[in-house]
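Shown next, in structure tokens, is the structure this report addresses.
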Number of protein chains: 2
Amino acid sequence: MQIVQQSLADQIYTELKNSILRGELAPREKIREDELASRFGVSRTPVREAIRRLSDYGLVNLAPRSHAAIAGISDKEARDIADLRVELECFAIDHISGELLEERLPELSRYAAECIYALSIGERDRSFSEDSLFHIALVETSGNAALAEVYRRLDARIQLLRVKQNLDEDRLVGYLNQHSELLSLMKAGKTDEAKKLIRIHVLHSEA
Amino acid sequence: MQIVQQSLADQIYTELKNSILRGELAPREKIREDELASRFGVSRTPVREAIRRLSDYGLVNLAPRSHAAIAGISDKEARDIADLRVELECFAIDHISGELLEERLPELSRYAAECIYALSIGERDRSFSEDSLFHIALVETSGNAALAEVYRRLDARIQLLRVKQNLDEDRLVGYLNQHSELLSLMKAGKTDEAKKLIRIHVLHSEA
DNA sequence: TTCAGGAACATTGTACACAATAAACATTGA
DNA sequence: TCAATGTTTATTGTGTACAATGTTCCTGAA
């Protein structure tokens, strides 16, 4: 078995990303390479690379010769991202063929179930990440790799948004149940209804 | 006056990007940090950072512990990217308000004119980059920052695509003239026709 | 001949040191 | 007191050295 030895930069990137998405690092908070390096017990080099990558995914803001800072999301940005999500996911749904859907359905169903299960045992973070996986898989099912790539990039900020929104438990359950509902509509070939549901789902708007 | 001193990594990123987009570095070609460092007369550190960033923009493929390689675009990817472009730009057009259009119109018109002028004096590369600027500005005019960011990211590969397509001069002129035609339609509020034209424009399909 | 194993080499990953610049602070004059 | 300016300090940008790993080529046995 091939042990995929992740680079330190990869590990630190993942760690920092999780910290940010768990809200342990607040928006606008300054980041110092030196401090993180000693915290992780490595040199600045991989930390620096991790920070650059976080910046590429829009999780930190980088000003040249100046401190990096954890990125926040304004209300306007939140709306923009949500609007864009609706567009991208509807585009995906329009392009999902029956065969590809069939193929990916078990995976999609699993994510949908995991979301709800994780929430029920109090693992809100994991529920959120499974939610992300569901939507990423949905978009991938379109077969359009460029779309999938763009969406994966957007996902980091979508996750940031979820944390910020901080929905209460009841609404969250209702929200997560829409996943399997969506799959049913798609299986039945009700594309237009599926797109309507996505809009409601993403914008958290009522019917 | 504030002199914005670009970092070496920035400069090298730009240089390499241009080299790739000019086709001086062929797809699948291997990249060695060491070689580039000595070519640019700097250490590996900024070169490394530039390569990472190129990878983030999809211009080079990066495998851990292995060589980086200039990215190519398959026919399937080309279609995917074009489809996605149509979607994103139509989304933008739908969201462009009269006021924002008014504000940006001079800039858009200038890009449209520069495209044609640059081509007429044989500067095909510059014509292409002005073409990119036109479409980026168009998308920015929507006022949706998330959309603009996503599109700018996609732009690197769109440029790669243009080089690969290598349209003949005649078709290119016709293609570039569609820019001002598009602006006219939008000014007249003929949104649906503008979207139809974008589809034709991007997919290079006839009416 | 061909395949397995290993040694030599090439190249990336990381640590560390120094240089360059921005931020913070103190000092002086009004 | 306050503003302007010089000085110190903190932090990022870059260069260099070494470590870890992947690659290539050779050797020898089936």
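Here is how names work: the chains are called A, B, and so on, in the same order as the sequence lines, proteins then strands, and each is numbered from 1. Being a predicted model, the structure only gives us computed values, none of them experimental. As a basis for the values below, the full set of heavy atoms in this structure was taken, side chains included, without hydrogen atoms, waters or symmetry mates.
Ile31(B) comes within contact range of the sugar-phosphate backbone alone, with a heavy-atom separation under 4.0 Å but no base atom that close. Using a 4.0 Å heavy-atom distance criterion, Leu62(B) is classed as making no nucleic acid contact.
With no hydrogens or angles considered, no side-chain donor-acceptor pair links Thr14(B) and Gln11(B) at under 3.5 Å. A donor atom on one side chain and an acceptor atom on the other are found under 3.5 Å apart for Asp131(A) and His179(A).
When distances run from any side-chain atom of Pro46(B) to the nucleotides dG15(D), dT11(D), dA23(C), the shortest one goes to dG15(D). The Arg48(A) side chain lies nearest to dT12(D) when the options are dT12(D), dT14(C), dA15(C). Closest contact between the side chain of His67(B) and the listed nucleotides dG13(D), dA15(C), dT12(C) involves dT12(C).
Interface remark: the Thr45(A) side chain does form a donor-acceptor pair with the dA15(C) base, using a distance-only criterion of under 3.5 Å. Side-chain atoms of Ser7(A) and base atoms of dG13(C) include no donor and acceptor less than 3.5 Å apart. No hydrogens or angles were tested; on distance alone, a donor-acceptor pair under 3.5 Å links the side chain of Arg65(B) to the base of dT12(C).
Rounded to a whole Å, the CG atom of Asp34(A) is 17 Å from the P atom of dT9(D). Straight-line distance from the CZ atom of Arg44(A) to the P atom of dC18(C): 14 Å, rounded to whole Å.
Taking the ring centre of Tyr57(B) as origin, the terminal cationic atom of Arg153(B) falls inside the region bounded by 6.0 Å and 45° from the ring axis.
Across every non-hydrogen atom of Cys90(B) and Ile198(B), the tightest pair is SG-CG2, 4.2 Å.
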